[in-house]
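In the text below, chain A, chain B and the rest are named by the order of the sequence lines, each starting its count at 1. Since the model is a prediction, treat every value here as computed from it, not as a measurement.
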Amino acid sequence: MTDAVPLSWVLGLSGALFCIGLFAALARRNLVGVLMGVELMLNAAIINMVAFWRYLEPRFITGQNFAIFIIAVAAAEAAVGLAMIIAIYRNWQTVKADEVDSLKG
Amino acid sequence: MTIVIQIIFALIAMLILGSALMMVLAKNVIHSALWLIASFFGVGALYLLLQAEFLAVVQVLVYVGAISILILFAIMLTRAADLAGETGRQWNNRWWLSLAVAGLLFGALIVPTVIGETWNVAPTEVAGAAAGQATGIAGAAELGRGFVYEYLLQFQVIGVLLLVALIGAIVIAYDETARRRRVLTLAEELELKKRQEAREAKEAKQSRKGKGEKPLPAPVPTDTLSKGNEGNEGNEGLVVR
């Protein structure tokens, strides 16, 4: 694996995934779409960690440990975020990010 | 063997990036979520290719199994307004700015860094594998040992974080009016139905007494329990505010 696919390919893949997720998080109007973009970005970060573990330090497990920490944090973040979206929907009757503007002066 | 692995990597990369792009471009949010699930599957396959088997299983369990279902449920719970006032735009007004930020980040920062850097890649384990020893790649056993020895404190903190997030999610999504709403048991529902029928029979008898023998259509039962339930027709008798 390590001699067939160079590390930079994997890093480029995760970078592209991160940028797609960033665009989704910044540009989507639907709040659930924004959360989906954040999930893509977290996935890109985990790919980076696993790639660095596999290519640079395959004897130490630290990369995978922290990948699992990130997965746990992502699950918590998704649960709280979706609960907030449901609460917002209950008050505003909308899930569009640019229509929830009660803090706008 | 090398070319096979490269082809597999290319297929997985196309799956991940294609699904992620379709997730951004899809107009329908449900389609978006389904493309996201496909992308998660691709990432799991990439972990398998990178010989992180335990992480691949965790990816499928947590992302494909739990987070995707959570997202789908959130979409279904918040869909009524979306269907009623469909504006057709899935991106906000300044989406080109977001595109510029993401494109510049990729083109000007990530690609030059990844290409220009000489990574200190560890030597392949060909010698060890040829001698019949372990391949030197840490597996699930080392992963578990890391959790109970080196990263014990972090492991506990993650547990507390998950608990707090669970409680927080319940508190945030908790409906205040739900305190007054109670789902009836089957016995209570039967009791309610019996009372309604008795009242209907009494009113029908009264109306027959008053206006001769003409059978009137049964009046709408206004039970005290179903009062204030105008907001949600369709599940009267089941839900009591």
Side-chain angles (χ1 to χ4, degrees), chain A residues 1-5 7-9 11-13 15-17 19-24 26-30 32-33 35-36 39-40 43 47 50-51 54-62 64-65 67-69 71-73 75-76 78-80 82-87 89-90 93-95 97-98, chain B residues 2 5-6 9 13 16-17 20-21 23-24 29 32 36 43 46-47 49-52 55 58 62 66-67 70-71 74-75 77-78 81-82 89-92 95 98-99 101-102 105-106 110 114-115 119-122 124 136-138 142-143 146-147 151 154 158 161-162 165 168-169 172-173:
Chain A
M1 170 65 206
T2 45
D3 40 357
V5 179
L7 174 60
S8 52
W9 292 15
L11 295 187
L13 168 65
L17 192 64
C19 288
I20 293 171
L22 182 65
F23 177 69
L26 289 178
R28 292 235 31 164
R29 286 180 76 218
N30 197 313
V32 184
L35 258 184
M36 288 196 271
E39 295 297 330
L40 275 191
N43 254 297
I47 289 177
V50 177
R54 181 68 189 82
Y55 283 87
L56 302 188
E57 296 284 352
R59 280 166 205 286
F60 300 100
I61 203 68
T62 313
Q64 282 199 51
N65 273 125
I68 286 182
F69 285 145
I71 289 178
V73 172
V80 174
L82 292 171
M84 282 172 67
I85 289 174
I86 289 173
Y89 177 75
R90 215 172 267 143
Q93 301 298 314
T94 182
V95 285
D98 45 2
Chain B
T2 304
I5 292 178
Q6 282 173 347
F9 178 80
I16 294 173
L17 293 183
L21 270 179
M23 181 231 120
V24 180
V29 199
S32 231
L36 186 73
V43 174
L46 184 66
Y47 293 157
L49 193 66
L50 286 168
Q51 289 167 304
L55 213 53
V58 167
V62 175
I67 293 183
L70 212 59
I71 288 174
I75 291 172
L77 285 176
T78 59
D82 201 30
R89 283 188 308 129
Q90 80 266 36
W91 297 342
N92 56 24
W95 62 270
S98 319
L99 187 64
V101 168
L105 180 66
F106 185 67
I110 292 177
V114 165
I115 291 178
W119 304 103
N120 185 21
V121 176
T124 51
I137 302 174
E142 282 86 353
L143 191 63
F147 276 132
Y151 301 109
Q154 289 90 329
I158 280 287
L161 175 77
L162 278 176
I172 290 169

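Among B:Leu162, B:Leu161, B:Leu17, B:Leu21, the residue making the largest number of heavy-atom pairs under 4.5 Å with chain A is B:Leu17. Of the listed residues (B:Thr2, B:Ile16, B:Ile67, B:Ile110), the one with the most heavy-atom contacts under 4.5 Å to chain A is B:Ile67. For the options A:Ala79, A:Ala51, A:Gly33, heavy-atom pairs under 4.5 Å to chain B are most numerous at A:Ala79. No other option in A:Asp98, A:Val5, A:Ile86 has as many heavy-atom pairs under 4.5 Å with chain B as A:Val5.
Residue A:Leu7 touches chain B through its side chain alone, counting heavy-atom pairs closer than 4.5 Å. Contacts between A:Asn65 and chain B at a heavy-atom distance below 4.5 Å involve backbone atoms as well as side-chain atoms. With a threshold of 4.5 angstrom between heavy atoms, B:Ala66 does not approach chain A through any atom at all. Heavy-atom distances place both the backbone and the side chain of B:Leu99 under 4.5 Å from chain A. For B:Phe106, the parts sitting under 4.5 Å from any heavy atom of chain A are the backbone and the side chain alike. The parts of B:Leu50 that come within reach of chain A are both its backbone and its side chain, each placing non-hydrogen atoms under 4.5 angstrom from that chain. With a 4.5 Å cut-off on non-hydrogen atoms, A:Arg28 touches chain B through its backbone and its side chain both. For B:Val62, the part lying near chain A is the side chain, with the backbone staying farther off; criterion is any non-hydrogen pair under 4.5 Å. For B:Ile115, no part sits under 4.5 Å from any heavy atom of chain A, backbone or side chain.
A heavy-atom distance below 4.5 Å is found between the side chains of B:Val29 and A:Met36. Using a 4.5 Å heavy-atom threshold, the side chains of B:Leu46 and A:Leu13 count as touching.
Taken from CD1 in A:Ile71 to CD1 in B:Ile158, the straight-line distance is 11.0 Å, to the nearest 0.5 Å. A distance of 4.5 Å separates CZ in B:Phe147 from CD1 in A:Ile68, rounded to the nearest 0.5 Å. To the nearest 0.5 angstrom, B:Leu143 atom CG is 10.0 Å from A:Thr62 atom OG1.
Judged as a side chain to side chain contact (heavy atoms under 4.5 Å, CB included), and not counting sequence neighbours, the contacts of A:Leu26 are A:Leu22, B:Ser98, B:Val101.
When every heavy atom of A:Phe23 is checked against every heavy atom of B:Trp95, the shortest pair comes out as CE1-O, 3.5 Å. Nearest heavy-atom pair across A:Val32 and A:Ile85 is N-CD1, 3.9 Å. Scanning all heavy atoms of the two residues, the minimum distance from A:Ala67 to B:Leu55 falls at CB-CD2, 3.6 Å.
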